[in-house]
Amino acid sequence: MGRRRPDRALSDPLAGLLARPVLEVAPRLLGATVTHDGVTVRLTEVEAYAGADDPGSHAHRGRTPRNAAMFGPAGRLYVYFTYGMHFCANVVTGAEGEAAAVLLRAGEVVDGQERARRGRDRLAARDLARGPARLTVALGLGRGHDGLDLLAPGAGVTLTPPAVPVDTTAVRAGPRVGVRGPGGDGDRFPWRFHVAGDATVSAYRPAAPRRRS
C-alpha cells in the first residue's frame with residue numbers, strides 16, 4: 001500500500017489530522033462528514049482502536065489478510081465483514097504499521113436521505129446511520145472499499161473535518177460497544193466517543209457472554 005508521505009501531512013489538513021495518534025483523532029472526527037454515492041453522514045459517535053497494545057483491536061494478534069488495511073498508511077479505509085451479514089468502516093490513523101483506526105459508529109444523514117434508505121423504508125430518519133452497520137449501508141460502503149485511500153484525488157469517498165469542532169463539553173467518553181474481555185473495560189479503555197444528547201448515537205451494549213460448548 002506504499003509508504004506514508006510525511007510532507008503530505010504538513011500541507012493537507014485532513015492528512016495532518018489523521019497522522020495523529022488515534023486517541024487524538026477519534027473525538028476530533030465527531031461532527032466530520034463522510035460522503036459517498038450521493039449520501040452525506042455527519043458523525044456523532046466513533047470508537048478508537050489502537051493496534052497491538054489494544055486487546056479490543058482486530059490487530060491485537062498481528063497482521064492478517066482481513067485486517068491488512070489497518071496497518072496503514074493513515075487515511076485508508078478499513079472495512080470488515082462481521083456476524084456474517086454486516087460491514088463496518090474504520091479510518092486508519094497514526095504512523096504506518098501501528099494498525100490504529102477509528103470505527104465510524106453512528107451519524108446523522110444530512111444529505112441524500114432518500115438514497116440512504118436503500119430499501120429500509122420502515123426506519124426512522126434518525127436510525128438510518130445509527131450504528132456501524134446501518135452507517136455503511138446508508139453510505140453504500142462494502143468490501144470493495146477496504147483499503148481505499150481517502151486522501152487520494154478522486155477517491156470517491158470524502159471525509160471532511162468539521163468546520164467548527166464539536167465543543168469538548170458536549171463530548172462523552174465511555175466503554176466500547178460489544179467488546180469482550182479486557183478491551184471492553186471502560187475504566188482502562190474509555191475509547192467510545194459520542195456527542196451528548198444526539199438522537200443518532202447508538203445505544204450502549206456490553207459484549208454478550210460466550211456460550212459454553
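Quick caveat: nothing in here was measured; it's all calculated off a predicted structure.
- Judged purely by atom type and a 3.5 angstrom limit, Arg120 uses its side chain to pair as donor or acceptor with the backbone of Arg117.
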Exercise for review: Evaluate the side-chain contact (heavy atoms from CB on, under 4.5 Å) criterion for residues Leu141 and Phe87: first the C-alpha distance (whole Å), next the side-chain angles of each, then the deciding distance (0.1 Å), finally the verdict.
Suggested key: CA-CA 8 Å; Leu141 297 176; Phe87 288 102; over 6 Å; no

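- For Ala101 against Met70, the heavy-atom pair with the smallest separation is CB-CE, 4.0 Å.
- Arg143 forms a cation-pi arrangement with Phe81, by the criterion of a distance under 6.0 Å to the ring centre and an angle within 45° of the ring axis.
- No donor-acceptor distance shorter than 3.5 angstrom exists from the side chain of Ser57 to the backbone of Asp54, with no hydrogens or angles considered.
- Hydrophobic clustering (ILVMFWY, side-chain heavy atoms < 4.5 Å, transitive): Leu104 and Val177 are in distinct clusters.
- Counting only heavy atoms from C-beta outward, the side chains of Pro161 and Leu29 never approach each other to under 4.5 Å.
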**Study point:** Candidate pair Asp198 and Arg42, rule salt bridge (charged side-chain N to carboxylate O under 4.0 Å, His left out), full reasoning
**Key:** CA-CA 11 Å; Asp198 195 292; Arg42 177 181 61 85; 3.2 Å; yes

Point to revise | salt bridge (charged side-chain N to carboxylate O under 4.0 Å, His left out) between Arg192 and Glu45, worked out | key: CA-CA 7 Å; Arg192 172 184 175 240; Glu45 181 184 7; 2.7 Å; yes

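- In plain terms, the two heavy atoms of Asn67 and His58 that are nearest each other are ND2-O, 3.1 Å.
- Interatomic distance, Arg105 CZ to Leu43 CG, rounded to the nearest 0.5 Å: 12.5 Å.
- Relative orientation of the Phe189 and Trp191 rings is perpendicular, given thresholds of 30° and 60° on the angle between their planes.
- Following chains of ILVMFWY side-chain contacts shorter than 4.5 Å, one can reach Leu17 starting from Val195, so the two form part of one hydrophobic cluster.
- Counted by atom type alone, Thr44 and Thr200 present one or more donor-acceptor pairs between their side chains at under 3.5 Å.
- With hydrogens and angles ignored, the 3.5 Å screen pairs no side-chain donor or acceptor of Arg115 with any backbone N or O of Asp111.
- Residues Leu135 and Val41 form a side-chain contact, since some pair of their non-hydrogen atoms from C-beta on lies under 4.5 Å apart.
- Environment of CG in Asp37: crowded, with over 12 heavy atoms of neighbouring residues, nucleotides or ligands closer than 6.0 Å.
- Linking Ile, Leu, Val, Met, Phe, Trp and Tyr whenever their side-chain heavy atoms come within less than 4.5 Å leaves Val201 and Val102 in two separate clusters.
- Phe71 approaches Gly62 most closely through the heavy-atom pair CZ-C, 3.8 Å.
- Linking ILVMFWY residues whenever their side-chain heavy atoms come closer than 4.5 Å, directly or via other members, places Val157 and Leu128 in the same cluster.
- The shortest side-chain heavy-atom distance between Val25 and Leu18 falls under the 4.5 Å cut-off.
- Of all heavy-atom pairs between Thr169 and Arg172, the closest is O-NH1, 2.8 Å.
- The heavy-atom pair separating Val79 from Asp146 by the smallest distance is N-OD1, 3.0 Å.
- Using modelled atom types and a 3.5 Å distance limit, the side chains of Arg20 and Thr93 yield no donor-acceptor pair.
- One hydrophobic cluster holds both Val39 and Leu150 under the rule that ILVMFWY side chains link at heavy-atom gaps under 4.5 Å.
- The CG atom of Asp187 sits 5.0 Å away from atom CG of Asp185, with the distance rounded to the nearest 0.5 Å.
- In this structure, a donor-acceptor pair under 3.5 Å is present between the side chains of Thr35 and Thr40.
- Listed for the Arg176 side chain is a donor-acceptor partner under 3.5 Å among the backbone atoms of Ala48.
- Side-chain contact check for Leu103 versus Cys88: some heavy-atom pair is nearer than 4.5 Å.
- With contacts defined as side-chain heavy-atom distances shorter than 4.5 Å, the pair Tyr80/Asn90 qualifies.
- Among all heavy-atom pairs drawn from Gly183 and Val179, the shortest one is C-CG1, 3.4 Å.
- Arg28 is not listed as a side-chain neighbour of Pro165, based on a closest heavy-atom distance of 4.5 Å or more.
- Proximity of Asp127 to Arg134: side-chain heavy atoms (C-beta onward) are separated by under 4.5 Å at one or more points.
- Using modelled atom types, one finds no donor on one side chain facing an acceptor on the other under 3.5 Å when comparing His60 with Tyr49.
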